[in-house]
Amino acid sequence: MISRVKGTQDVLPARFTSKPDAQIERWLFVERAAREAFRRYGFEEIRTPIIERTELFERGVGSETDVNKEMYTFADRDGEMISLRPESTAPVVRAYSEHGLFNQAGLVKLFYIGPQFRRERPQKGRYRQFWQIGVEVLGQSDAPAIEAEVIEMLDWLLNELGITDTDLLINSIGDGQCRPAYIARLKEAIFERLGALCGNCRLRAETNPLRVLDCKVESCQAYLAELPRINESLCEPCANHFTEFRRLLAQRGIAYKIEPRLVRGLDYYMRTAFEITGASLGAQNTLIGGGRYDGLSEILGGQPVKGFGFASGVERLVMSVPDSKINLDATKPELFVACVGPESRDYAYALGRRLRAEGVTTIVDLEGRKLKKALAVANSIGARYSLIIGEDEIKSGSYALRDMTTGEQNNLRESEIVDTLKYRRLF
RNA sequence: GCGAGCAUAGCUCAGUUGGUUAGAGCGCCUGACUGUGGAUCAGGAGGUCACGGGUUCAAGCCCCGUUGCUCGCCCCA
């Protein structure tokens with residue numbers, strides 16, 4: 001039997017799987033809550049293609065070898081290099097420019113929900129095809145109020161999802177003015193302590209000094225604490241921006257931790273960076289990550305556009321939603337139509353059609369089962385009511401409606417059945 | 001790219017220092033009950049013990065390799 005591709009997963013009805021993160025009911029809950037949050041804050045949905053020119057990501061994400069290695073890339077028939085999107089910020093910025101949205105008055109606030117692809121080794125909360133929801137605020141303003149409002153929205157969303165055990169980590173990573181000088185001083189400080197640091201740190205000292213700050217090795221910690229912190233080396237505009245951002249969070253009563261080690265690897269990220277981490281997710285515990293990327297549009301060859309956004313892994317959100325938030329009964333059918341004898345089948349099909357037109361979730365037994373078997377099926381799929389149609393019922397025009405929970409059974413006319421089910425739905 | 005753990009029925013798992021024909025619960029099918037589900041009882045189907053090789057009189061069990069899953073490292077846009 002052919003099996004699924006490594007690092008992918010099937011999301012299916014909960015009654016077919018006990019793995020919580022593979023249950024469609026959980027996914028729908030998360031997606032609906034996210035859409036509702038985005039709607040309330042005035043975000044509009046955008047759908048960009050799953051494939052883009054490889055160049056978009058090479059320029060947008062950087063052409064470092066690791067990044068390229070982890071993209072699914074292929075040559076199209078005409079030789080053009082195409083990649084499955086590994087993230088959606090660059091595609092959204094591309095679409096923004098391509099459709100001339102910079103001519104709009106005011107901010108353009110977009111959200112997306114969709115699959116992304118990275119060829120990494122799968123582990124808990126990390127897949128090769130994974131879903132992200134995210135927003136991008138694009139326009140001419142870089143007001144800290146944009147950032148605070150997005151985080152306020154996330155605060156509301158997480159609460160709505162019942163995900164309470166989270167930390168908001170924030171940092172400012174400076175801009176083109178202050179960051180280069182900081183990195184130079186950081187490097188210097190690292191090299192002064194090079195002998196005491198672990199092998200990994202020694203390697204990173206040259207290639208990615210910001211990442212040294214992130215080292216988890218016990219023996220490094222004391223030395224890392226002595227390294228200069230970027231948020232203490234900000235130029236005045238960056239420092240003011242960060243101060244205002246923090247003031248606006250405090251004004252909203254949103255708790256945060258300043259995490260000086262929180263960095264972004266890419267050059268176009270600047271100033272505000274943030275992360276929301278969740279408990280009980282294992283090693284991959286980042287639920288949401290975001291930041292400001294004012295330089296990205298120009299790197300892609302577009303006009304100067306200021307941007308701020310976040311992306312969140314749906315799988316990790318789904319894993320974090322408590323069971324109590326999910327109502328598995330909501331998707332169960334309201335009515336199962338069983339028939340006695342072959343003559344009643346055509347009658348049942350027509351009746352089922354009329355009931356559906358009235359808005360009733362109806363499953364008609366198509367297999368011509370004996371009544372006993374039909375009711376057993378109705379029971380196992382969790383139908384709330386069964387309708388029994390036989391010769392007697394057809395003659396009298398009233399059908400036996402059986403409450404599958406209580407076993408109570410009444411003979412009702414068609415209109416009464418519809419009323420009963422609609423009434424029941426109020427509870 | 002590196003490392004560790006795991007792999008027996010649809011699912012969850014047992015399987016003795018290697019010993020004959022492969023086990024349970026749940027689920028599924030049939031019947032007890034030809035127009036009434038859930039409970040009970042009786043019966044039944046369902047297995048390349050992940051795959052390939054090796055050791056042995058004998059392998060689900062031991063050894064090697066492969067694949068897959070899981071978790072961690074690297075990386076994390």
Side-chain angles (χ1 to χ4, degrees), chain A residues 1-9 15-19 56-71 83 85-93 116-127 130 132 134 198-200 203-204 207-208 210-211 214-217 262-269 273 275 281-286 289-291 293 296 299 309-311 313 316 336 338-341 344 365 369-394 399-409 411:
Chain A
M1 189 54 201
I2 296 166
S3 60
R4 65 183 189 271
V5 171
K6 184 203 283 281
T8 63
Q9 63 170 346
R15 68 194 186 98
F16 301 134
T17 177
S18 55
K19 263 182 72 185
L56 176 69
F57 302 114
E58 282 179 342
R59 288 166 72 171
V61 171
S63 49
E64 300 130 77
T65 48
D66 265 350
V67 168
N68 276 324
K69 223 164 41 187
E70 293 178 356
M71 280 206 289
S83 291
R85 65 182 182 201
E87 54 105 26
S88 282
T89 299
V92 169
V93 171
Q116 324 283 336
F117 304 84
R118 298 181 192 175
R119 199 184 183 292
E120 300 174 294
R121 193 69 164 259
Q123 51 185 290
K124 190 176 177 66
R126 172 190 263 189
Y127 298 90
F130 58 100
Q132 283 191 330
C198 71
N200 243 327
L203 282 176
R204 285 165 164 177
T207 57
N208 202 347
L210 286 176
R211 282 276 157 211
D214 217 12
C215 181
K216 288 155 199 153
V217 175
L262 177 57
V263 294
R264 293 277 110 120
L266 307 178
D267 286 347
Y268 59 77
Y269 276 106
E275 226 170 78
L281 275 172
Q284 309 296 323
N285 70 341
T286 303
Y293 49 86
L296 178 55
I299 288 173
F310 73 80
R316 294 184 195 176
F336 186 95
C339 23
V340 180
S344 53
D365 174 39
R369 291 169 178 274
K370 291 194 265 188
L371 181 60
K372 183 182 183 60
K373 296 295 165 201
L375 287 176
V377 169
N379 189 55
S380 82
I381 63 178
R384 277 164 249 188
Y385 288 89
S386 288
L387 195 60
I388 298 161
I389 300 177
E391 234 175 290
D392 302 345
E393 283 81 359
I394 293 173
Y399 320 101
L401 183 70
R402 181 178 181 81
D403 184 320
M404 297 300 284
T405 314
T406 64
E408 227 175 295
Q409 195 165 308
N411 287 317

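None of these values were measured; they are calculated from a predicted model. Naming convention: chains lettered A, B, ... in sequence-line order (proteins, then strands); numbering from 1 in each chain.
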So what does [X] hit on the nucleic acid, given a heavy-atom distance under 4.0 Å: a base, only sugar-phosphate, or nothing?
X: Glu393(A); value: base
X: Gly289(A); value: nothing
X: Ala376(A); value: sugar-phosphate
X: Ser88(A); value: nothing
X: Gln116(A); value: nothing

Item to complete: Give the rounded distance in Å between these two atoms: CZ of Phe336(A) and P of rG38(B).
Response: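 From Phe336(A) CZ to rG38(B) P: 14 Å.
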
Worksheet entry | Arg126(A) CZ to rG72(B) P, straight-line distance once rounded to whole Å |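 Roughly 10 Å, once rounded to whole Å.
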
Among [options], the nucleotide that comes nearest once only the side chain of [X] is considered:
X: Lys370(A); options: rC76(B), rG37(B), rG31(B); result: rG31(B)
X: Arg118(A); options: rG38(B), rU36(B), rA77(B); result: rA77(B)
X: Lys6(A); options: rC69(B), rC74(B), rU30(B); result: rC69(B)

Worksheet item: Would you say Arg118(A)'s side chain and Glu70(A)'s backbone share a donor-acceptor pair under 3.5 angstrom?
Response: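 The answer is no, because no donor-acceptor pair under 3.5 Å joins these two groups.
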
Discussion item. Strictly below 4.0 Å: does Lys372(A) bring a side-chain N or O up to OP1 or OP2 of rC33(B)?
Written reply: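 So the side chain of Lys372(A) is outside the cut-off, no N or O lying under 4.0 Å from OP1 or OP2 of rC33(B).
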
Separation of the [atom1] atoms in [N] and [M], to the nearest angstrom:
N: rC57(B); M: rU16(B); atom1: P; value: 22 Å
N: rC2(B); M: rC74(B); atom1: C1'; value: 8 Å
N: rG53(B); M: rC71(B); atom1: C1'; value: 29 Å

Worksheet entry | Earlier contact from the 5' end, RNA chain B, for Leu371(A) and Gly125(A) |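 Residue closer to the 5' terminus by nearest nucleotide: Leu371(A).
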
Discussion item. Reading RNA chain B from 5' onward, which residue's closest nucleotide shows up sooner: Arg369(A) or Arg402(A)?
Written reply: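 Its nearest nucleotide lies further toward 5', so the answer is Arg369(A).
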
Worksheet entry | Per-nucleotide pairing state of RNA chain B [Watson-Crick or G-U, under 3.5 Å; [ ] pseudoknot-crossing; | other strand] | (((((((..((((.....[...)))).(((((.......))))).....(((((..]....))))))))))))....

Item to complete: Report the C-alpha separation of Leu387(A) and Glu393(A) in whole Å, then their side-chain angles, then the decisive distance to 0.1 Å, and conclude whether the side chain to side chain contact (heavy atoms under 4.5 Å, CB included) test is met.
Response: CA-CA 10 Å; Leu387(A) 195 60; Glu393(A) 283 81 359; over 6 Å; no

Heavy-atom donor-acceptor pair, [X] side-chain to [N] base, under 3.5 Å:
X: Lys124(A); N: rC71(B); answer: no
X: Arg121(A); N: rG1(B); answer: no
X: Gln123(A); N: rU70(B); answer: no
X: Glu70(A); N: rA77(B); answer: yes

